[in-house]
Amino acid sequence: MMELPDIWILRLAVACALCLYIFLRSASASEEFESIACCADSNYTDPLTTLNYTTDYSWFSDKRSCRQIPEAGLNNRSNENVRLFDIDEGKRCYNLPTIKNKVYLIRGTFPFDSTNSSFYVSIGITQLGAVRSSRLQGLEVEGVFRATKDYIDFCLVKGEVNPFISQLELRPLPEEYLHDLPTSVLKLISRNNLGGSKDDIRFPADRSDRIWKATSSPSSAFPLSFNVSNVDLQANVTPPLQVLQTAITHPERLEFIHNGLETEDYGYRVFLYFLEINRTLKAGQRVFDIYVNNEIKKEKFDVLDGGSNYGYTVLNVSANGSLNVTLVKASESEFGPLLNAYEILQVRSWVEETNQTDVEVIQKMREELLLQNQENKALESWTGDPCILFPWKGIACDGSNGSTVITKLDLSLSNLKGPIPSSVTEMTNLKILNLSHNSFDGYIPSFPLSSLLISIDLSYNGLRGTLPESITSPLHLKSLYFGCNQHMSEEDPANLNSSLINTDYGRCKSKEHKFGQGIVIGAITCGSLLVTLAVGILFVCRYRQKLLPWEGFGGKNYPMATNVIFSLPSKDDFFIKSVSIQTFTLEYIEVATERYKTLIGEGGFGSVYRGTLNDGQEVAVKVRSATSTQGTREFDNELNLLSAIQHENLVPLLGYCNENDQQILVYPFMSNGSLQDRLYGEPAKRKVLDWPTRLSIALGAARGLAYLHTFPGRPVIHRDVKSSNILLDHSMCAKVADFGFSKYAPQEGDSNVSLEVRGTAGYLDPEYYKTQQLSEKSDVFSFGVVLLEIVSGREPLNIQRPRNEWSLVEWAKPYIRASKVEEIVDPGIKGGYHAEAMWRVVEVALQCLEPFSAYRPCMVDIVRELEDALIIENNASEYMKSIDSLGGSNRYSIVIEKRVLPSTTSTAESTITAQSLSHPQPR
């Protein structure tokens, strides 16, 4: 056998040692990696990266939500599957382990979706943005964050479509990425390897498994490359050698343009990486200036200035819509600029999550409940943050004191079994607990003396033993129900607290309940028969009426056409809901308005005149102008919609006229005008509204919109919510008006869900404007602007104000986020509102104005929040009145047993003190 020279043996040994070093270093680097292959049949090793991937069945065990990716969409991905979350609304989150204060990269991979629709991604509750993927190669969304605890939630939030995901990866990153940004999240915009091959570079070449995309060079640039072997690379953020051994250069300038960024003003962090490839150059020979969006950021930058031929720089810049990075040769330089690689990351503010102690306790409770309730639907949806961004089912929270805490747990009628979780007693901020109508067994746990519980309902379960003495000990407890637990002691409890306002004393009232239920059912049945009979009689009367002459004004007969019944049937309805709409003749309208004598308003459709019908009812008559931009379509739209819907907070349509090319709509006259008139309209119409009245108006309008959004069969979207379209009747009851632009909500299978954008400047949903995809959340955004109008008394747009105050939304947001609400409150109501009620309204407004619709609440939730705010405000008003009548001071407390909201549907009880107000107790 031929012997190798010593030099070759040495070289071979060095090569083996180097390979072993790289292997060990790579293995060490990947120890903290989390690599998840969604819906994979089993764990496996990726042949390209040598990384081990695990299935996600420990997070989501349902295999029915798995789909196979078509072959065209694989694009060298090792996982051939995708998990599709079929949810009505809300989020689904993966919970991954982290080390507190360490910086991480988290990356989700989403295969192609031919629908070109979107859903949303968040790290914790901090938005990363929308996932819009119609490209065959799919999409990767990557963020960089600093861990604030020992885990992180990566959440997928339903948008226009159900969310889906194929792979999820978590990697430790160097500290430098978030240097000087302690409370920020970075969203990757672009990571580029310049002058290299067509293949992406990642692990094991990159120890952090960053993916460096091969980027084509500008046509005027020159690619350079050489073999890197003995370069001293000390910076932690350094790209791998395969990235640095290629570069591009130009005699004068290099330019990199990134368009299509969000139009909101975000900050960006740009990393530029340089390795001087020409080893003969010395300092001063390649010097250039660095510009971002035509603003100089680095002057006379010289890679070789520090004695090393490698360097990098970090630029913190702001941009709106586009980013232009330009390197320009300095006048005294001999060579033009050079660049090897660069990264662009968008800076987003970290959103504070729910109180960590509360989160840990509720997660512990979930684990306890899952032991015997594996398939429970409510528990399946409990992922991510329990309070923020689609709160968990059965949970309500309060963030009025700076930290969001869980104050209510209502798991009644949730089909739960097993013992009551002992961790429920650890929820220190809980005020209302309702576990009734389940199958809980075992004994009632003991609650600490420090508990803030106001109401406990454990009735209708299978609990055992006696009532523990500790459960009545909390000082705040006012309501306690534990009846209908057949295995509990039937003896009258001797330890019931005398301060309890409401209790069933452990007695079961199921028979009375059933009897009452029977009465309700009987009443509903009889009521339905009476309504049917009344409709029949009305129909006969209307039919006979068309055969008779109409007695006009002054004894003169004016012809009036028969009533027409419009209806919009839905296949999902058992009954067609319809409203009788009168058809007036043109002559009758002219007499009713005294030939259009009194003009009371102008709108996009035309002029509005005051009139009086023959029966004395005052009406508003809207006459389409010949120059109106709204035409027959809007006229027919209002007719069709208002013939199918009716609600106390929607302006009803009394009749119409369509004669001699005249299109006229007739409504009841609203004697108090519009909300806009009252807030900042003409001085003659303006009148300072006190805060309780404003709050009542907001609630009424919200109820009207909620009715539209939950209309049986198919929701209706208003599309032009604004203060001028909220009218006030003689009792200041708010009624939403003007349905000319309204549309049914798009549904799956619609041939054209993309609609021409309609709305009013200052109120228009930016996401709707950008995507032309309509949803109920577009109305929610507009309603958020209305809430700010109600609070501030300002118009949504006013260019007569200073530039930073043109937009009401942009002016108010910073004050709200800085907890300076008093700075935006209308001076006319200062000192006339309860702080907690005001804060609830302002927080709802802020949520309504979220840029992404998926993060906005629905109108039903908004109604609940406004109801709570009105209860608090009304109770506070009663409290102050009682103090004034006694000549006392607001240092004393008073209990108010009952308040009735201005609604036919809600009565609530609450407890109020001079310092604080609790949430309403359940009835």
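In what follows, residues are counted from 1 in the order of the sequence shown.
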If the condition is side-chain contact (heavy atoms from CB on, under 4.5 Å), which residues does [X] pass it with, not counting sequence neighbours?
X      : value
Gln676 : Ser674, Tyr680, Ser723, Ser724
Ser742 : Asn637, Leu641, Val716, His718, Phe739
Glu865 : Arg840, Val844
Asp729 : Met670, Ser731, Cys733, Lys735

Just by distance, no angles: are the side chains of [X] and [Y] close enough, under 3.5 Å, to form a donor-acceptor pair?
X      : Y      : value
Asp690 : Thr693 : yes
His730 : Asn672 : no
Glu659 : Tyr588 : no

So which atom in [X] and which in [Y] form the shortest heavy-atom distance, rounded to 0.1 Å?
X      : Y      : result
Ala701 : Ile726 : CB-CD1, 3.8 Å
Phe783 : Ala702 : CZ-CB, 3.7 Å
Val608 : Leu599 : O-CD1, 3.4 Å
Val651 : Ala737 : CG2-CB, 3.7 Å

Main-chain N/O of Pro692 paired to Ser696 side chain as donor or acceptor, under 3.5 Å: no
N/O donor-acceptor pair under 3.5 Å between Asn649 side chain and Ala734 backbone: yes
Lys777: partners by salt bridge (Lys or Arg N to Asp or Glu O under 4.0 Å), with sequence neighbours left out: none
Results of salt bridge (Lys or Arg N to Asp or Glu O under 4.0 Å) for Glu823 - residues two or more places apart only: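 None.
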N-O pairing of Glu776 and Arg719 below 4.0 Å: no
Inter- and intrachain pairs under salt bridge (Lys or Arg N to Asp or Glu O under 4.0 Å), touching residues 846-856, at least two apart: Asp765-Arg856
Tyr768 side chain near Leu774 side chain, heavy-atom distance below 4.5 Å: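 Tyr768 vs Leu774: side chains touch.
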Return the [atom1] to [atom2] distance between [X] and [Y], rounded to the nearest 0.5 Å.
X      : Y      : atom1 : atom2 : result
Leu654 : Ile581 : CG    : CD1   : 7.5 Å
Ile816 : Ile824 : CD1   : CD1   : 4.0 Å
Gln582 : Leu653 : CD    : CG    : 10.0 Å

Any residue meeting side-chain hydrogen bond (donor to acceptor under 3.5 Å, both in side chains) with [X], in chain and number order, not counting sequence neighbours:
X      : value
Lys158 : Asn162
Lys622 : none
Glu618 : Arg610
Glu767 : Tyr120, Ser853

Inter- and intrachain pairs under side chain to side chain donor-acceptor pair (under 3.5 Å), touching residues 799-814, at least two apart: Arg794-Glu805
